[in-house]
Novice: 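The structure is given below, and queries will be raised subsequently.
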Amino acid sequence: MALLNPPELRASMMSVIVLYLAQCRGQRDERTRIVDAISPPSLTESPQKHQLDARLNLASAVEIGLAVRDGERVSLSPESIKAARRGTSAIAALVRRRVLSAELNTAAWGSQQGARDLTNALSWYLTFRPADAPARMEGDPPSVKSQQEADFGPRQSEDDDRSGWPISNSTRWNTFQRWACSLGFAWRSPSGRLIPDPTPAVRDSIPAIFESESTLDGRSFVAALGAHLPVMESGAYRLFVERNWNRSSEPDGPLSSATTDALRRLETTGHLTFEDRADAPRITRPDGTTFSHVSRGGAR
């Protein structure tokens with residue numbers, strides 16, 4: 001399994017599958033009935049194509065742990081049942097947790113097994129400033145191709161994953177854009193450009209980051225952020241990508257622009273409060289400003 005290939009895979013259809021099964025008796029149904037229900041053959045001129053989409057997404061929902069298959073019968077996982085009761089936002093958060101789960105990210109560099117292709121791509125993309133983020137697979141820089149050549153070396157062929165490119169071709173770039181937005185790590189500008197922005201993912205993770213604490217020192221906050229969202233600073237998947245690129249990484253360097261912008265948005269909305277105490281170690285932002293402590297706030 002890989003989440004960037006086949007290109008039909010999308011978080012939105014997996015969410016529809018969860019919602020459908022949640023309404024079934026015992027939260028289970030036959031595989032063919034699920035496919036027919038979410039992609040009725042009579043509602044499209046290309047039933048085979050759209051039903052293929054449904055079958056692929058159903059299989060992937062099982063592989064990432066949203067559902068369990070027993071022969072021809074598919075049932076929701078306990079986590080999915082709980083999420084479905086809380087609504088679509090909870091389902092989206094569950095899909096993100098499953099994609100970021102440790103058991104789906106054990107493959108070696110260059111492998112397309114589990115969720116490694118997607119988490120490598122997210123870890124890499126979130127390091128860019130919005131103005132410098134690749135806007136297209138190929139063409140005038142900044143492109144995905146030119147940036148990956150600089151970071152990971154030349155690609156030997158369009159479909160050669162041995163080069164270690166997180167996004168190996170235009171088909172996977174298109175799929176990545178959908179996943180990045182659905183998981184809360186990016187959004188599209190009015191012109192259609194993908195903007196790296198983890199604000200929704202960070203906002204959803206605030207309760208888990210702080211647990212029973214109301215305030216964390218800056219270093220503990222960044223460590224907790226990376227533990228819950230491992231594609232971000234200090235996270236295991238971000239560090240995995242950094243160990244395999246050609247950039248000169250700075251230990252304890254400044255936060256990325258994408259992370260900094262997200263934290264400032266959450267400060268504006270009242271979700272977080274930042275302090276800069278003179279007698280404590282500090283975290284540096286790209287513009288040179290610092291903070292030493294972060295407090296959980298009540299959103300406005």
Side-chain angles (χ1 to χ4, degrees), residues 1-101 104 112-118 121-122 137 158-159 161 167-188 192 194 200:
M1 181 195 73
L3 292 180
L4 298 185
N5 185 46
E8 291 84 1
L9 298 182
R10 49 180 57 82
S12 58
M13 185 168 281
M14 293 183 201
S15 297
V16 169
I17 291 169
V18 170
L19 289 170
Y20 169 79
L21 284 171
Q23 302 303 314
C24 295
R25 178 176 296 179
Q27 291 75 53
R28 64 174 65 89
D29 204 352
E30 299 294 325
R31 190 170 65 94
T32 54
R33 283 172 51 86
I34 298 170
V35 171
D36 286 341
I38 66 175
S39 185
S42 60
L43 296 184
T44 176
E45 295 179 357
S46 305
Q48 290 183 336
K49 178 187 182 302
H50 289 91
Q51 289 216 315
L52 174 62
D53 287 6
R55 287 194 296 272
L56 289 170
N57 280 277
L58 179 57
S60 190
V62 170
E63 291 193 63
I64 70 173
L66 298 175
V68 179
R69 181 175 173 181
D70 182 8
E72 287 301 305
R73 179 164 290 189
V74 178
S75 58
L76 283 184
S77 69
E79 276 189 306
S80 292
I81 293 173
K82 292 178 183 178
R85 290 171 181 163
R86 296 196 299 270
T88 55
S89 295
I91 296 172
L94 174 59
V95 173
R96 181 172 57 240
R97 288 198 303 274
R98 293 307 307 153
V99 168
L100 298 179
S101 64
L104 295 180
Q112 299 296 299
Q113 295 299 309
R116 189 63 102 179
D117 59 341
L118 177 53
L122 285 168
M137 184 65 202
E158 183 172 298
D159 296 306
D161 297 317
I167 305 169
S168 60
N169 56 47
S170 57
T171 299
R172 297 186 187 192
W173 165 240
N174 292 334
T175 309
F176 169 74
Q177 293 181 81
R178 291 199 304 268
W179 275 106
C181 294
S182 295
L183 297 181
F185 291 110
W187 52 276
R188 287 185 184 276
L194 189 70

Novice: Crowded around Arg188 CZ? As in, over 12 foreign heavy atoms under 6.0 Å?
Specialist: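 Yes, the 6.0 Å shell around CZ holds more than 12 heavy atoms from other groups.
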Novice: Give a yes or no answer on whether the side chain of Ser39 reaches the backbone of Ala54 with a donor-acceptor pair at less than 3.5 Å.
Specialist: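 No, Ser39 side chain to Ala54 backbone: no donor-acceptor pair under 3.5 Å.
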Novice: Does the pair Asp36 and Gln51 meet the rule for a side-chain contact (heavy atoms from CB on, under 4.5 Å), with working shown?
Specialist: CA-CA 7 Å; Asp36 286 341; Gln51 289 216 315; 2.8 Å; yes
Novice: Please round to the nearest 0.5 Å and tell me the distance separating atom CD of Gln112 and atom CG of Asp117.
Specialist: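 Nearest 0.5 Å value for the CD-CG distance: 4.5 Å.
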Novice: Can any side-chain N or O of Asn169 pair as donor or acceptor with the backbone N or O of Arg172 at less than 3.5 Å?
Specialist: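 At least one qualifying donor-acceptor pair exists.
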Novice: Restricting to salt bridge (charged side-chain N to carboxylate O under 4.0 Å, His left out), what partner residues turn up for Glu79, sequence neighbours left out?
Specialist: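 For Glu79, no residue satisfies salt bridge (charged side-chain N to carboxylate O under 4.0 Å, His left out) once neighbours in sequence are set aside.
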Novice: Just how far is it from atom CG of Leu3 to atom OG1 of Thr175, taken to the nearest 0.5 Å?
Specialist: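 It comes to 10.0 Å.
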Novice: For Arg28, give me all partners under salt bridge (charged side-chain N to carboxylate O under 4.0 Å, His left out), at least two apart in sequence or on another chain.
Specialist: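 Applying salt bridge (charged side-chain N to carboxylate O under 4.0 Å, His left out) to Arg28 gives none.
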Novice: List in chain and number order the residues that pass side chain to side chain donor-acceptor pair (under 3.5 Å) with Gln27, two or more places apart in sequence or in another chain; answer none if no residue qualifies.
Specialist: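 Checked Gln27 against side chain to side chain donor-acceptor pair (under 3.5 Å); zero matches.
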Novice: Partners of Ser182 by side chain to side chain donor-acceptor pair (under 3.5 Å), sequence neighbours excluded?
Specialist: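 Ser182: no side chain to side chain donor-acceptor pair (under 3.5 Å) contacts found.
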Novice: To the nearest 0.5 Å, what is the distance between CG on Leu94 and CD1 on Ile81?
Specialist: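 It is 11.5 Å, given to the nearest 0.5 Å.
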Novice: Looking at residues at least two apart in the chain, or sitting in another chain, which of them share a side chain to side chain donor-acceptor pair (under 3.5 Å) with Arg97?
Specialist: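 For Arg97 there are no side chain to side chain donor-acceptor pair (under 3.5 Å) partners, ignoring immediate neighbours.
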Novice: Mind jotting down which residue pairs meet the side chain to side chain donor-acceptor pair (under 3.5 Å) criterion with at least one end in residues 7-24? Sequence neighbours excluded, please.
Specialist: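 Sorted pair list: Tyr20-Asp29.
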